[in-house]
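To start, the structure under review is shown below, and the notes come after it.
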Protein chains: 2
Amino acid sequence: MQQVVAPAFKTCSDCPIRHRAVCAKCDSQELELLEDIKYYRSFSAGQTVMWAGDHMDFVASVVSGVATLTQTMEDGRTQMVGLLLPSDFVGRPGREEAAYTVTATTDLVMCCFRRKPFEHMINTTPHVAHRLLEMTLDELDAAREWMLVLGRKTAREKIASLLSIIARRDALLGTAPPGKELSFDLALTREAMADYLGLTLETVSRQMSALKRDGVIALDGKRKIRVPDMDRLMTEAGDDSDGGYLI
Amino acid sequence: MQQVVAPAFKTCSDCPIRHRAVCAKCDSQELELLEDIKYYRSFSAGQTVMWAGDHMDFVASVVSGVATLTQTMEDGRTQMVGLLLPSDFVGRPGREEAAYTVTATTDLVMCCFRRKPFEHMINTTPHVAHRLLEMTLDELDAAREWMLVLGRKTAREKIASLLSIIARRDALLGTAPPGKELSFDLALTREAMADYLGLTLETVSRQMSALKRDGVIALDGKRKIRVPDMDRLMTEAGDDSDGGYLI
DNA sequence: TCCTCTTTTTGATCTGTGTCAAGGAACGAT
DNA sequence: ATCGTTCCTTGACACAGATCAAAAAGAGGA
């Protein structure tokens, strides 16, 4: 158990995209390569960015806002498989069709790169390919941590895990003020939280109330969360690690 | 729903490693690079290849046998986060410490590459880095499919999902004879299956019995599985996709 | 072959989370 | 303000899967 750590990754100073390799503003050489293939798209809260199976002629990076990657079964059961926060990357070289449905849960701005030239670039610029590999490996670690949450944690631990992931991530990105007491905006509905954690929205609501009653969190309105003691929250999450792999 | 498909990936003819980039026997140029940094290690069933946190000076590819990647909480709750079948890759460039515990569930042979020269190679050989990215993206897709299983499927569907993953994988690798009727060796104990699916071993046993009683599978001994109708199994798994993302 | 150890199966009971249902709070539109 | 809509909370009850327990089935080894 330890304090929220300093960013371990390279942050770009004037844009919110974490990895310089896919950020057009950071490196002059890459700037030239990327400047003419990128463009911005905005979405409003609740809007679907793309449906699973859609043709997708770009890859993208989240500039601001929150989006979710979800998978849905024929009978409607839904599982979130990715949570896209600012600096996260979506899409993959070599895939024309989106594998997951992407939904904006807040107003969202994405920086898109046309796929063909992007693929050409990663094939010719080892540096960029290497960054992309690093990012993908980080995502894989996050997915595996998430599997432990889904498979073995109780409802209460699941909620605490999700809150501590978002809290830590916000702290890293500087969205939340530093210090022992953390405050952040939970940009997810109860239903989205349920889809993240493999629960029902009623169970999410009950456990949020329980954590509030027990003083682990405080709610300002519905979505604004205050965490008086981050260590306490992480203990509730059943998390002995420092969460280094969770983005 | 569709028949078991032909391999979509490039298979190396004279070695079991799927991706040529990490196979020393397939490409003369890479042969020279890899031949002097690789060595083989064998493990017997039940042996732990490495513990989470161990120093790891190699990356490796499974030649034969089955291994598992597991994560364990302080109180002993265990979740499998990766299933390593022949041709799968383990380890990542840039990480000195193993993030997960690797256990051989059968006799196991791994082809190891010393990490430092391997890292050097992926930094200087774009082709290899590109392959590694592809493999990692496939693993990420598999992890996300798995998240749907863990979060939203019933015990019966979970079992059917696991069986159909292994059946399809065996069919692809040619371990199992082709055709509508599939037969394969389930190289996992009930406990390992439970750790994969976020269940208890008793529930796994009960659902295996139920699937057998209902004629979805037949058991020759404890571990040998026969699947009379693969489509039926996939329906039981609640799986509408062709499973293309599951390795 | 018998014995021991591990793995698997099956039974009885308990419990955490899902399901169904109703009401409350927040927020924008008229 | 008042309505309508969406999101959230709380309650009562049901049930899938966990837990506890014991017996059965294999798999070596002497």
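Predicted model only: the values in this text are computed from it and were never measured. Quick note on labels: first sequence line is chain A, next is B, and so on, each numbered from 1.
Of all non-hydrogen atoms in Asp214(A) and Arg232(A), the two that sit nearest each other are O-NH1, 3.7 Å. Nearest heavy-atom pair across Pro86(B) and Arg169(B) is O-NH2, 2.9 Å. The two atoms that bring Arg152(B) and Arg77(A) nearest to each other are O-NH1, 2.9 Å, heavy atoms only.
Across the protein-nucleic acid pair, Arg152(A) atom CZ and dG16(C) atom C1' stand 15 Å apart, rounded to whole Å. Residue Arg156(A) contributes atom CZ, which lies 17 Å from atom C1' of dT15(C) at whole-angstrom precision. Per the geometry, CG belonging to Leu188(B) stands 15 Å off C1' belonging to dT8(C), to the nearest Å. If you take CG of Asp195(B) and C1' of dT7(C), they are 14 Å apart, rounded to a whole angstrom. In this structure, the CD atom of Glu191(A) is 9 Å from the P atom of dC8(D), given to the nearest Å. Atom CD1 of Ile225(B) is separated from atom C1' of dT8(C) by 13 Å (rounded to the nearest Å). One interatomic measurement links the two molecules: CD1 of Ile159(B) to C1' of dA16(D), which rounds to 14 Å at whole-angstrom precision. We find that CG of Leu201(A) is positioned 11 Å from P of dT19(C), with the value rounded to whole Å.
Under 4.0 angstrom from either OP1 or OP2 of dA18(D) there lies at least one side-chain N or O belonging to Thr200(B). For the OP1/OP2 pair of dT17(C) and a distance below 4.0 Å, the side-chain nitrogens and oxygens of Thr203(A) include no atom meeting the criterion.
Within the 4.5 Å cutoff, no side-chain heavy atoms of Asp107(B) are placed close to those of Gln47(B). Here the side chains of Leu84(B) and Val66(B) are not in contact, with every heavy-atom distance at 4.5 Å or above.
In this structure, Asp88(A) contributes its side chain and Leu85(A) its backbone to a donor-acceptor pair below 3.5 Å. In this structure, the side chain of Thr103(B) does not engage the main chain of Thr48(B) through any donor-acceptor pair within 3.5 Å.
Side-chain contact annotation: Ser164(A) with Arg168(A), donor-acceptor N/O pair under 3.5 Å present. Side chain to side chain, Ser161(A) and Lys153(A) meet the donor-acceptor criterion of an N or O pair below 3.5 Å.
Within residues 204-219 of chain B, the residues having any heavy atom closer than 4.0 Å to DNA chain C are, in order of number, Ser205(B), Arg206(B), Ser209(B). Of all the residues in residues 77-84 of chain A, not one reaches under 4.0 Å from DNA chain D with any non-hydrogen atom.
If you check every strand for non-hydrogen atoms under 4.0 Å, Leu199(B) touches sugar and phosphate atoms only. Residue Gly46(A) is classed as having no contact, given no heavy-atom separation below 4.0 Å to the nucleic acid.
Between Lys153(A) and Glu202(A), the residue anchored closer to the 5' end of DNA chain C is Lys153(A), taking for each the nucleotide with the nearest heavy atom.
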